[in-house]
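A short write-up of the structure that comes next.
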Amino acid sequence: MTKIFNVTADCKPAQHYMVNLNERLMEIKKLIDAGQYFTINRARQYGKTTTLRALNRYLQTDYVVVLMDFQTFGAEEFKNENTFALSFLRAFLRILKRNDLSPAEEFEAILSHLNAIVREERPNFRLQRLFEELSDICNISDKPIVLMIDEVDSAANNQVFLDFLAQLRAYYIDRDMQPTFQSVILAGVYDIKNLRRKLRPEDEHKVNSPWNIAADFNIDMSFSREEITGMLLEYEKDYHTGMKIRQMAEMIYDYTSGYPFLVSKLCKFIDEEVSRKDPFHSKERAWTKDGLCEAVKMILTEKNTLFESLNEKLISYPELNHILQSLLFTGKSIVYNYYEPSINIATMFGFVKNQNGTLAVSNRIFETWLYNLYLSTADIQNKDLYALSLLDKNQFVTAVHLNMRLILEKFVIHFHELYGDKDDAFIEEEGRKYFLLYLLPIINGTGNYYVEAQTREQRRTDVIVDYCGEQYVIEMKIWHGREYHNRGEKQLIQYLNDYHLNKGYMLSFNFNKKKQIGVHEIVIEGKTLVEVIV
């Protein structure tokens, strides 16, 4: 069977190219061996289901694993305590049967008894009785039982579900006095501590502190550079493309920060789409930097389930927009504080991460997607600057090269004409946004761009443009005097060295009333710097 890169449902080792999960599974097993109750809460399409199913296979020697998915429970199952208890028991017994147990006579008797309860749909069967029966099963099982529930938060706004969690907590706490599960694992976007995010305001009383018993789950589920390398090595054994495997893995990681869906999606595009289109027409030419840039362009323009989910969250949680736009456009460093509500929400849904104590967008693709989203609104695109960019666009491309100096010269003229009388606050808050608004129509459809988030802490923002195989680095910053400007020149030179480029661009927004706007070039340490003052 020919393997493929998979981006739907869980990954199966026999069918899909995937990273080696063994090290991650060993770490999770340590928690299980210690009898921990914990949640695996990660953003959508972060590999939770794949991990749980791989863990199910990994634990078979030592444990009986009951892996359930609450998305398979319909609204009827949560109608009341009796229907839920019967449905849960029915699913539990069905999974036990799939474990191909060879039960002793005593075990067989209790299974027969429980099957009768389910078959007869006994009206007096409630949660307390359910847990008593589950305790009996745990007591006579020849191996400890591990309970894993996927998509646990799909029912989080239901009182019956919350009562179930309360009972589960009680039995787990009393495990030294009565038999119960060896370990409980709940997987979803929301952890137990964040269930209130799914409740209506009038229902917040359903969540209370006694449920906050879950152990911390600090295992990194993103793909490392080494794991991506291993997956590409497996692919290369099948196709012999001649790709520079470690270099490709590094570049994929740079764009995705190891977000599982994004890694697999880029690989899938390169393998199945880029390799068939102009100018590539082969896997050998597709598995290159140019091929990856093409795949990035495709993922940013396609409709997919992950971006739809992110967009829905932006609509449902308006505070997300405020903090993300502040992070993206002002260039200001924001201290990471998980207990600040908007940062908590942004972290839970995968938009942001803690990067050395400051807030950062989770990965380069998310950041560019957000820029594109915010810069494509009707309000923004009705701005005069956007219309002028569309009119100017044809001036800036010679053959397949961008004339970045001319782009900056035109931007200075237009920005000064349109916004030169605005106050300092406008320039500081909106200047970067308006340059990206001017740039986007020029490269759209041919090039990519991204913002180097690491430079934010240095009060500057570096935009890197990939256009037909060439890169352009534009440093954007607020003018804070000549000494600060000189330091910026040295930093940009170092950045150009890192990118193996000989020319870079500095765009400074200057509040000085006596400033002289315009463009000039200087040469420092063999590098040409095009310096632009707005």
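The structure displayed is predicted, hence computed values, not measured ones.
A search for ring pair (Phe, Tyr, Trp, His ring centres under 6.0 Å) contacts involving Tyr235 returns Phe5, Tyr17, Tyr239, Trp287, not counting sequence neighbours. For Tyr253, the side-chain contact (heavy atoms from CB on, under 4.5 Å) partners are Arg225, Ile228, not counting sequence neighbours. With sequence neighbours left out, Ile219 forms a side-chain contact (heavy atoms from CB on, under 4.5 Å) with Arg24, Glu27, Ile28, Leu31, Phe217. A search for ring pair (Phe, Tyr, Trp, His ring centres under 6.0 Å) contacts involving His16 returns nothing, not counting sequence neighbours. Evaluation of the side-chain hydrogen bond (donor to acceptor under 3.5 Å, both in side chains) rule for Lys48 yields no partner, not counting sequence neighbours. Residues passing the side-chain contact (heavy atoms from CB on, under 4.5 Å) test with Asn304 are Phe261, Ile299, Glu302, Leu306, Phe307, sequence neighbours excluded. In terms of the salt bridge (charged side-chain N to carboxylate O under 4.0 Å, His left out) criterion, Lys393 has no residue partners (sequence neighbours excluded). Checked against side-chain hydrogen bond (donor to acceptor under 3.5 Å, both in side chains), Glu409 has the following partners two or more places apart in sequence or in another chain: Arg405. Residues meeting the side-chain contact (heavy atoms from CB on, under 4.5 Å) test with Thr347, sequence neighbours left out: Tyr336, Tyr338, Ile343, Val352. The side-chain hydrogen bond (donor to acceptor under 3.5 Å, both in side chains) check on Ser222 picks up Asp220, with sequence neighbours excluded. In this view, Ser316 and Glu312 satisfy the side-chain hydrogen bond (donor to acceptor under 3.5 Å, both in side chains) rule, not counting sequence neighbours.
Among pairs with a residue in residues 263-283, none fulfils ring-ring contact (aromatic ring centres under 6.0 Å, His included), at least two apart in sequence or across chains.
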